[in-house]
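I have placed the structure first, in the form of structure tokens, so that the comments after it can refer back to it.
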Amino acid sequence: MWFGELIKLDKDFYQQDAKTVAKALIGKRLITNIGSKKISRIVETEAYLGPHDLACHSAKGLTTRTKVMFGPAAKTYVYLIYGIHTMFNIVTGNSDGQAVLIRAVEPVSLIKANTNGPGKLTKALGIGLEHNDISLLNNTIYLEDAKPVNKIITTSRIGIDYAKEWKDAPLRFYDFDSKFVSKR
DNA sequence: GGGACGATGTAT
DNA sequence: TACATCGTCCCT
């Protein structure tokens, strides 16, 4: 239930499974205190379910990169892709390799650059590799509850054609009414 | 030690 | 549809 108050999402929220969190995150507020305070609204996410999900990095097992995903929920998982872009993820579940990728946000205040794609939003908000493995229960990056969106669309995930039978799993969610959902 | 390969974005 | 560019994974 949404009472119009700005309530920081807590550990219980993040400990739910990735699919539930991914869908619940649509419409939530993202607050970043990197350089300056920036407020945005999440409009597109993807769920990565764990080691059994071939599109999920934790399917590689416990490695230096994936160890954050195998740790407690409510932590950031930030990694570099194509040597160029950083991807911002949220660890969910119960230390079992789950995460949610934030694919697009809508600027609410103090954001100039485009945020309609996973690489673009990290650049606009200043999220880099140095923000990997930090708690979302502190103040650098955190989320607040918000009014539920009108209509959430579910589709298959983007850019994971290598993931065999997981390629078409309906694990991408976006706000039907947002103009900031990623292209492709 | 080294090669292949991306949860992308932009320009052609 | 070409390609930039580098951390990570795995040794093809």
Side-chain angles (χ1 to χ4, degrees), chain A residues 14 16-26 28 30 32 34 38 40-71 73-93 96-107 111-134 136 141 143 152-175 178-184:
Chain A
Y14 296 108
Q16 301 175 98
D17 65 275
K19 186 174 180 177
T20 300
V21 173
K23 196 168 180 180
L25 282 178
I26 303 299
K28 297 284 191 277
L30 169 64
T32 54
I34 301 167
K38 299 183 181 69
S40 57
R41 187 174 160 276
I42 296 173
V43 297
E44 182 181 349
T45 62
E46 280 178 5
Y48 288 85
L49 305 189
H52 61 291
D53 174 0
L54 296 181
C56 188
H57 289 171
S58 63
K60 296 276 185 195
L62 182 58
T63 67
T64 47
R65 182 168 67 156
T66 64
K67 67 172 189 273
V68 193
M69 302 179 80
F70 286 103
K75 288 284 206 92
T76 58
Y77 167 44
V78 180
Y79 67 92
L80 184 71
I81 188 69
Y82 301 111
I84 303 173
H85 305 109
T86 53
M87 303 281 103
F88 171 50
N89 300 252
I90 290 170
V91 177
T92 73
D96 50 0
Q98 304 184 48
V100 173
L101 168 67
I102 308 302
R103 285 193 58 87
V105 302
E106 199 172 277
I111 299 167
K112 297 183 181 96
N114 288 343
T115 54
N116 62 333
K120 290 194 268 189
L121 77 90
T122 54
K123 187 179 178 199
L125 300 180
I127 298 174
L129 292 182
E130 68 273 26
H131 302 288
N132 184 43
D133 197 14
I134 64 173
L136 296 169
I141 303 175
L143 303 179
I152 294 175
I153 305 296
T154 303
T155 74
S156 55
R157 294 171 292 185
I158 307 292
I160 53 147
D161 287 351
Y162 59 86
K164 301 182 182 173
E165 71 270 21
W166 285 90
K167 177 167 72 72
D168 300 315
L171 293 171
R172 170 173 174 249
F173 306 95
Y174 66 88
D175 178 356
S178 177
K179 294 178 174 56
F180 288 84
V181 172
S182 67
K183 310 297 181 207
R184 289 171 75 93

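Fair warning: this is a prediction, and the values are worked out from it, not measured in the lab.
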Quiz item: Using purine N1 to pyrimidine N3 plus N6-O4 or O6-N4 for Watson-Crick, or N1-O2 and O6-N3 for G-U wobble, both under 3.5 Å, which nucleotide pairs with B:dA7?
Solution: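 The base-pairing partner of B:dA7, which may sit in any strand shown, does not exist here.
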**OP:** Under a 3.5 Å limit for both distances, which nucleotide forms a Watson-Crick or G-U wobble pair with C:dT5, could you say?
**Re:**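 Check on C:dT5: unpaired, no WC or wobble geometry under 3.5 Å.
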query: A:Tyr82 on top of B:dG9's base, within under 5.5 Å and under 30°?
result: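 Check failed, A:Tyr82 does not stack on base of B:dG9.
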To the nearest Å, how far apart are [X] [atom1] and [N] [atom2]?
X	N	atom1	atom2	answer
A:Leu80	B:dC5	CG	P	18 Å
A:Asp161	C:dT1	CG	P	15 Å
A:His85	C:dG7	NE2	P	15 Å
A:Lys60	B:dC5	NZ	P	11 Å
A:Asn116	B:dG9	CG	P	8 Å
A:Leu101	B:dA7	CG	C1'	5 Å
A:Ile81	C:dA4	CD1	C1'	13 Å
A:Leu62	C:dC9	CG	P	10 Å

Side-chain contact check for A:Asn89: nearest option of C:dT8, B:dA7, B:dT8 is B:dA7
Do any N or O atoms from the side chain of A:Ser58 and from the backbone of A:Thr66 form a donor-acceptor pair under 3.5 angstrom?
no
Exercise. So, the side chain of A:Glu46 versus the backbone of A:Leu101: is there a donor-acceptor pair under 3.5 Å, distance only?
Worked result: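 Between the backbone of A:Leu101 and the side chain of A:Glu46 there is no qualifying donor-acceptor contact (under 3.5 Å).
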d(A:Thr76 OG1, A:Ile134 CD1) to nearest 0.5 Å is 4.5 Å
Is there side-chain contact between A:Phe88 and A:Thr86, with heavy atoms separated by less than 4.5 Å?
no
Any side-chain N or O of [X] below 4.0 angstrom from OP1/OP2 of [N]?
X	N	value
A:Tyr162	B:dA7	yes
A:Thr64	C:dG7	no
A:Lys120	B:dT10	yes
A:His57	B:dA7	yes

* Asked: Are the charged groups of A:Lys75 and A:Asp133 less than 4.0 angstrom apart, N to O?
  ->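 Counted as a salt bridge, because a side-chain N and a carboxylate O are separated by less than 4.0 Å.
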Judged by whether its glycosidic angle lies within 90° of 0, C:dT12 is syn
Its glycosidic angle compared against 90° from 0, B:dA7 adopts the form syn
Legend entry - Earlier contact from the 5' end, DNA chain C, for A:Leu129 and A:Ile84: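 On the 5' side of the pair lies A:Ile84.
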TODO: Look at all strands and tell whether A:Gly83 reaches a base, only sugar-phosphate, or nothing, counting heavy atoms closer than 4.0 Å.
DONE: base
When all nucleic acid strands are considered with a 4.0 Å heavy-atom cut-off, which category describes A:Arg65: base, sugar-phosphate, or nothing? sugar-phosphate
Checklist line | Criterion salt bridge (charged side-chain N to carboxylate O under 4.0 Å, His left out) on A:Arg157 and A:Asp53, from CA distance to verdict | finding: CA-CA 12 Å; A:Arg157 294 171 292 185; A:Asp53 174 0; 2.7 Å; yes
